[in-house]
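Reading through the structure tokens given below for one structure.
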Amino acid sequence: MRVISGKARGTHLRTIEGMSTRPTTDRVKEALFSSIQFEVLDANCLDAFAGSGALGIEALSRGAELAVFIDQSPECVKVINQNLVKTSLIDKAKVIKGDVFDVVSRLKGTVSPFGLVFLDPPYGQGLCEKIILRLIQDDMLIKNAIIVIEHDNNEILEATIGPFIRVKSKRYGSTYLSTYREAD
């Protein structure tokens with residue numbers, strides 16, 4: 001896996017061995033960032049359930065202002081930090097080990113609200129809607145924020161979550177990307 005574009009283009013990223021994480025493939029990452037390319041510059045990003053940190057790192061490489069990475073695995077946190085050092089993007093990142101719900105609640109007032117959110121939680125646990133509602137409740141999203149959820153074909157996501165409407169859902173093999181934007 002590598003950084004597709006921007007400042008760290010071509011840098012190979014470490015990933016976690018085994019099936020406990022599912023690194024986003026370069027093909028999926030390229031499609032995702034093509035669809036949101038104009039919203040990345042200067043955005044504050046949240047990469048929740050971050051794994052290797054590939055999505056947040058791609059956003060930083062493409063000009064995002066800040067990326068907050070959250071994962072509860074000590075091994076993932078270590079790999080994210082190594083990838084940020086390797087890409088020279090560590091100064092624009094906060095890496096936090098912990099439960100996503102607890103961390104999001106503690107972030108209020110310590111970082112500006114997010115304009116771009118990447119969610120890739122464990123499949124089949126219904127966490128996506130809950131974390132989006134928590135971000136809304138804690139006022140951690142800017143107006144017109146974009147939320148991108150990576151999920152499998154067995155997970156049925158609601159067409160609307162709070163004020164957010166699913167505007168796109170596309171299949172890449174067994175992976176789906178669903179993009180939500182705030183309704184006007």
Side-chain angles (χ1 to χ4, degrees), residues 1-100 103-104 107 111 114-123 125 127-128 131 135 145-153 155 168 170-179:
M1 181 174 32
R2 64 188 172 87
V3 179
I4 304 295
S5 187
K7 179 181 173 184
R9 180 182 181 176
T11 304
H12 288 273
L13 302 175
R14 271 196 72 216
T15 59
I16 307 298
E17 296 295 322
M19 291 302 293
S20 62
T21 61
R22 303 165 315 278
T24 304
T25 65
D26 288 351
R27 176 178 168 239
V28 173
K29 213 171 14 169
E30 193 163 1
L32 162 61
F33 280 92
S34 290
S35 70
I36 61 169
Q37 64 184 330
F38 300 112
E39 281 85 16
V40 176
L41 188 63
D42 298 326
N44 276 2
C45 304
L46 172 63
D47 190 347
F49 311 98
S52 66
L55 295 177
I57 289 170
E58 186 71 36
L60 288 173
S61 181
R62 292 172 182 246
E65 182 67 29
L66 170 74
V68 175
F69 300 85
I70 306 171
D71 204 291
Q72 64 183 7
S73 161
E75 186 178 0
C76 288
V77 167
K78 180 180 177 182
V79 167
I80 294 165
N81 278 307
Q82 290 170 342
N83 286 335
L84 286 163
V85 168
K86 188 174 186 180
T87 57
S88 300
L89 297 169
I90 191 82
D91 60 321
K92 293 183 155 227
K94 288 182 182 232
V95 182
I96 305 169
K97 180 192 166 299
D99 175 79
V100 170
V103 172
V104 164
L107 284 174
V111 297
F114 301 108
L116 189 53
V117 175
F118 303 111
L119 300 177
D120 187 8
Y123 289 169
Q125 296 183 21
L127 297 173
C128 296
I131 193 62
L135 288 163
I146 298 169
I147 300 170
V148 180
I149 302 171
E150 189 171 333
H151 59 99
D152 74 354
N153 59 343
E155 188 162 8
K168 184 176 184 181
K170 183 146 168 97
R171 181 179 177 203
Y172 301 90
S174 62
T175 299
Y176 277 79
L177 285 181
S178 293
T179 305

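One-based numbering along the sequence shown.
- The structure places NZ of Lys168 at 8.5 Å from CG of Leu177, a figure rounded to the nearest 0.5 Å.
- In this structure, CD on Gln37 lies 11.0 Å from CG on Leu32, to the nearest 0.5 angstrom.
- No donor-acceptor pair closer than 3.5 Å links the side chain of Asn44 to the backbone N or O of Gly115.
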Quiz: residues 74-89 side-chain donor-acceptor pairs under 3.5 angstrom, not counting sequence neighbours:
{"from": "Asn81", "atom 1": "ND2", "to": "Val77", "atom 2": "O", "distance (Å)": "3.1"}
{"from": "Gln82", "atom 1": "OE1", "to": "Arg14", "atom 2": "NH1", "distance (Å)": "2.1"}
{"from": "Asn83", "atom 1": "OD1", "to": "Arg14", "atom 2": "N", "distance (Å)": "2.8"}
{"from": "Asn83", "atom 1": "ND2", "to": "Arg14", "atom 2": "O", "distance (Å)": "3.0"}
{"from": "Asn83", "atom 1": "ND2", "to": "Ser52", "atom 2": "O", "distance (Å)": "3.1"}
{"from": "Asn83", "atom 1": "ND2", "to": "Val79", "atom 2": "O", "distance (Å)": "3.4"}
{"from": "Lys86", "atom 1": "NZ", "to": "His12", "atom 2": "O", "distance (Å)": "2.9"}
{"from": "Thr87", "atom 1": "OG1", "to": "Asn83", "atom 2": "O", "distance (Å)": "2.9"}
{"from": "Thr87", "atom 1": "OG1", "to": "Leu84", "atom 2": "O", "distance (Å)": "3.1"}

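- Note that CD1 of Ile4 and OG1 of Thr11 are 11.0 Å apart. Values are rounded to the nearest 0.5 Å.
- Residues satisfying the side-chain hydrogen bond (donor to acceptor under 3.5 Å, both in side chains) criterion with Arg2, sequence neighbours excluded, are Asp26.
- Annotation: the span from Ile131 atom CD1 to Leu119 atom CG amounts to 7.0 Å, rounded to 0.5 Å.
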Got a list of side-chain donor-acceptor pairs under 3.5 Å for residues 60-68, not counting sequence neighbours?
{"from": "Ser61", "atom 1": "OG", "to": "Ser5", "atom 2": "O", "distance (Å)": "2.6"}
{"from": "Ser61", "atom 1": "OG", "to": "Lys7", "atom 2": "N", "distance (Å)": "3.2"}
{"from": "Ser61", "atom 1": "OG", "to": "Ala8", "atom 2": "N", "distance (Å)": "2.9"}
{"from": "Arg62", "atom 1": "NE", "to": "Glu58", "atom 2": "OE2", "distance (Å)": "2.8"}
{"from": "Arg62", "atom 1": "NH2", "to": "Glu58", "atom 2": "OE2", "distance (Å)": "3.2"}

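- Contact annotation: the side chain of Val148 never approaches that of Leu55 to less than 4.5 Å [non-hydrogen atoms, C-beta and beyond].
- In this structure, Cys128 and Glu155 have side chains that are in contact, with non-hydrogen atoms separated by less than 4.5 Å.
- The stretch residues 27-68 participates, sequence neighbours left out, in these ring pair (Phe, Tyr, Trp, His ring centres under 6.0 Å) pairs: Phe33-Phe118.
- A distance of 11.0 Å separates CG in Leu127 from CG in Asp120, rounded to the nearest 0.5 Å.
- Residue pairs that meet the salt bridge (charged side-chain N to carboxylate O under 4.0 Å, His left out) test with at least one member in residues 30-50, sequence neighbours left out, are Glu39-Arg181.
- Here Lys170 contributes atom NZ and Tyr176 contributes atom OH; the two are 10.5 Å apart, rounded to the nearest 0.5 Å.
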